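Everything quoted here is computed from the prediction, not taken from an experiment. Letters go in sequence order (proteins before strands), and every chain restarts at 1.
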There are 2 protein chains.
Amino acid sequence: MNFIQLEYFKKTAECGNITMAAKKMFVSQPAVSKQLKLLEEELECKLFARRGNRLALTLEGELFLKHAKEIVSKVKNIKDEINFSRKKVSGKLAIGCGAVSAKLLLPNIVDKMIKEYPDVEVSIFEAETNEMRELLESDVIDISFSAEDLRGGSEKKIEFKEIFSSELVLVCSEKCALARMRKVSFEEIKKYPLITYTPDTGVYRVLVKALLENARIILQSRYSETMLVYIEKNLGVGIIPEYIARLKSLNGIVVRKLDTDIKIHMGINHDVSKPLSPAARIFIELLSAEYGK
Amino acid sequence: MNFIQLEYFKKTAECGNITMAAKKMFVSQPAVSKQLKLLEEELECKLFARRGNRLALTLEGELFLKHAKEIVSKVKNIKDEINFSRKKVSGKLAIGCGAVSAKLLLPNIVDKMIKEYPDVEVSIFEAETNEMRELLESDVIDISFSAEDLRGGSEKKIEFKEIFSSELVLVCSEKCALARMRKVSFEEIKKYPLITYTPDTGVYRVLVKALLENARIILQSRYSETMLVYIEKNLGVGIIPEYIARLKSLNGIVVRKLDTDIKIHMGINHDVSKPLSPAARIFIELLSAEYGK
DNA sequence: AGAAATTACGTTTCGCGTAAGCATG
DNA sequence: CATGCTTACGCGAAACGTAATTTCT
């Protein structure tokens, strides 16, 4: 049994003969005839009483028609209902994120979102990783896309769902001596002036213990792009997430792996005490589909 | 979209991964994977959020699943419901018919009927054509299968629906002179002793005006078989419906066409003031399928 | 390395259309 | 003989299975 048979049967029952039904459905008449026959064989009962040229529904046929109508109409409506459900997804959706995400990662996601779900008012709120917790708790934002907040407070109100992770890599001028190495260690790096993020960022928090002690820091910035200007001029070496290095076109700058694999975990933070809105779920799905592994 | 895709989708959603769903449905895993992909393309939206190896329903997927479940279960139930409806057809069905029908035409129909609809109590009531009207009106029988009642009374309470018609033919011994002719006329026939039905039969009524006046009647019987005994011994010639002649094996008896085509119309009579019961409708359908043209 | 999903490709199944065959009126 | 249903047969699309490829744990 399949949809075609149900549609052929329904139309034939309505028309009273196969020929007219076939014409209305733009198929040949034997095609309809055969499908009806197969249907009757499968159901093991006659649906039409062939009375000469005329067709009349049998008792079983009438019963079957009732169900066939319901199914056919249900199927016809599924597409519409799904598209309609999109239109019904509305409300506001405020998303917190870092500077790089705001500039490079989220624009195309937001674009998709407002095109597919035009009734959702999306707003992006640029902030640092350690600000997110407060913004979430004070309901300024619904979700944040940022590095994992590792403070691991006793209060587990904020939940983190990873979208992807990225290794930290060294970036330095091609003129720098480190550019000649394939992997570099923290000891080597500490010999050079360091360019890094401000203490309120997620990357800083990961690096602080292992690297930053006793290092000579020449620049602390919130913005990778600002850091790269200094690096390009070989004023120092920096450590940034690999995914950011890949997103930027780096002129005269090289990327080198670290000998320890420190990763930064990017994902969604949200307040578990409040359920995720449909809009938020959809946004996460889109984000995950684009950048998730 | 088709049933296969709905079933694959439903099972996959229930299992949480494609491999297990495919195993449970005894198909290969790529088959399921491809159908799901086609389904998503047709609906123009993702149904599953591919999160690494793991599958999770999207918002649209959840909505779609709800409808898919309904449809799949409806389809699964159709067969059962139709068969169940048969069981539900019950009650008594009394059928009036002539002697030939009772002996030769109805047994296999009744057999089918009580096998497919075991809760219907079928009873056959043998009677003559002109008795039927009274039996119907007094509710002794629900329907009658007999020759058309041509009295055409002013009261149109009894409706006739033809199942088939049959020409009247001459039957005579192969020794009879008429056996040498291909078609015979009433004038020829009247030269021989006539064997015919009793006046209370449908055939008699058709013949009476044209043939029976001034004829020498040697036997009037209710039963074709009795008539045939006389004919076999060449004691006379008879006129019976062609379908009866075809049903019997006739030893030493030949069948010849008449030069005028007088037909007897066999069908269902029923009282229009009472609706046909489901059981009656089914019986008529079976009868019509077997003998209707 | 192992498990799960997708892609690629050859095979089989299924539905369709044309043409021919029957039946009805 | 005209209309309508069924059967026969060849063609093209669709679904399937095996095997190779990719991706994540």
Side-chain angles (χ1 to χ4, degrees), chain A residues 1-9 11-13 15-42 46-58 61 161-167 261 263 265 267 288-293, chain B residues 1-9 11-13 15-42 46-57 61 162-167 261 263 265 267 288-293:
Chain A
M1 173 148 34
N2 55 44
F3 286 146
I4 294 170
Q5 290 172 346
L6 290 187
E7 278 171 6
Y8 285 6
F9 169 74
K11 187 66 83 179
T12 303
C15 292
N17 73 66
I18 296 180
T19 304
M20 196 181 306
K23 274 183 188 169
K24 289 199 177 181
M25 295 184 295
F26 305 103
V27 290
S28 73
Q29 179 241 26
V32 179
S33 180
K34 189 176 182 186
Q35 290 306 316
L36 291 179
K37 184 186 167 135
L38 289 173
L39 187 57
E40 288 182 329
E41 284 173 0
E42 185 180 346
K46 293 278 173 196
L47 295 172
F48 291 106
R50 270 82 165 171
R51 189 128 186 74
N53 276 347
R54 209 157 223 84
L55 291 184
L57 282 173
T58 63
K161 273 183 67 178
E162 179 175 317
I163 303 290
F164 67 89
S165 64
S166 180
E167 290 184 358
D261 53 342
K263 286 185 177 178
H265 299 269
S288 204
E290 187 73 25
Y291 301 116
K293 357 154 253 183
Chain B
M1 175 149 34
N2 55 45
F3 285 147
I4 295 171
Q5 291 172 345
L6 290 186
E7 278 170 6
Y8 286 7
F9 169 74
K11 188 66 83 180
T12 302
C15 292
N17 72 66
I18 296 180
T19 304
M20 196 182 307
K23 274 183 188 170
K24 289 198 176 181
M25 296 184 295
F26 305 102
V27 291
S28 72
Q29 178 239 29
V32 179
S33 180
K34 188 175 183 187
Q35 290 305 317
L36 291 180
K37 184 184 166 133
L38 289 174
L39 187 57
E40 288 182 329
E41 284 172 1
E42 184 181 344
K46 292 278 172 197
L47 295 172
F48 290 107
R50 271 82 166 170
R51 191 128 186 75
N53 276 348
R54 208 156 222 85
L55 292 184
L57 282 173
E162 179 175 319
I163 302 291
F164 67 88
S165 63
S166 180
E167 289 184 358
D261 52 341
K263 286 184 177 177
H265 299 269
S288 205
E290 186 73 24
Y291 302 115
K293 358 153 250 185

Mind checking side chain to side chain contact (heavy atoms under 4.5 Å, CB included) for [X] and listing every partner two or more places apart, or none if nothing turns up?
X	value
A/Gln29	A/Ile18, A/Thr19, A/Ala22
A/Ala31	A/Ser28
B/Lys46	B/Glu40, B/Arg50, B/Thr58
A/Met25	A/Tyr8, A/Lys11, A/Ala21, A/Val27, A/Val32

Distance, rounded to the nearest Å, where [X] contributes [atom1] and [N] contributes [atom2]:
X	N	atom1	atom2	answer
A/Lys24	D/dG4	NZ	C1'	17 Å
B/Asn2	D/dA13	CG	C1'	13 Å
B/Leu6	D/dA15	CG	C1'	16 Å
A/Met20	D/dC5	CE	C1'	14 Å
B/Glu40	C/dA5	CD	P	13 Å
A/Lys23	C/dG17	NZ	P	14 Å
A/Gln5	C/dC16	CD	P	9 Å
B/Phe3	C/dC14	CZ	P	16 Å

Could you list the residues that satisfy side-chain hydrogen bond (donor to acceptor under 3.5 Å, both in side chains) with A/Glu7, not counting sequence neighbours?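 Checked A/Glu7 against side-chain hydrogen bond (donor to acceptor under 3.5 Å, both in side chains); zero matches.
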Can you tell me how far the NZ atom of A/Lys34 sits from the CD atom of A/Gln5, to the nearest 0.5 Å?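 The distance works out to 11.0 Å.
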Using 0.5 Å steps for rounding, measure from the OG1 atom of B/Thr12 to the CZ atom of B/Phe9.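 Taking OG1 in B/Thr12 and CZ in B/Phe9, the distance rounds to 8.5 Å.
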Taking only the side-chain heavy atoms of [X] (C-beta and beyond), determine which of [options] contains the nearest atom.
X	options	result
A/Thr19	D/dC5, C/dA5, C/dC16	D/dC5
B/Ile4	C/dG17, C/dA4, D/dA15	D/dA15
B/Ser28	C/dA4, D/dG17, C/dG15	D/dG17

With axes from five pairs an end, tell me the bend angle of the helix from C/dA1-D/dT25 to C/dG25-D/dC1, nearest 10°.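 End axes: 30° apart.
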Which part of the nucleic acid does B/Phe48 contact within heavy-atom distance under 4.0 Å: base, sugar-phosphate only, or nothing?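 Touches nothing.
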Just the atom pairs and distances: protein N or O near nucleotides 6-10 of chain D's N or O, under 3.5 Å.
from  : atom 1 : to      : atom 2 : distance (Å)
D/dT6 : OP1    : A/Arg50 : NE     : 2.7
D/dT6 : OP1    : A/Arg50 : NH2    : 2.9
D/dT6 : OP2    : A/Ser33 : OG     : 2.5
D/dT7 : OP1    : A/Lys37 : NZ     : 3.3
D/dT7 : OP2    : A/Lys37 : NZ     : 3.0

Stepwise side-chain contact (heavy atoms from CB on, under 4.5 Å) test for B/Asn17 and B/Phe48: CA-CA 10 Å; B/Asn17 72 66; B/Phe48 290 107; over 6 Å; no
Apply salt bridge (charged side-chain N to carboxylate O under 4.0 Å, His left out) to B/Glu290 and list each qualifying residue two or more places apart in sequence or on a separate chain.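 Residues passing salt bridge (charged side-chain N to carboxylate O under 4.0 Å, His left out) with B/Glu290: B/Lys112.
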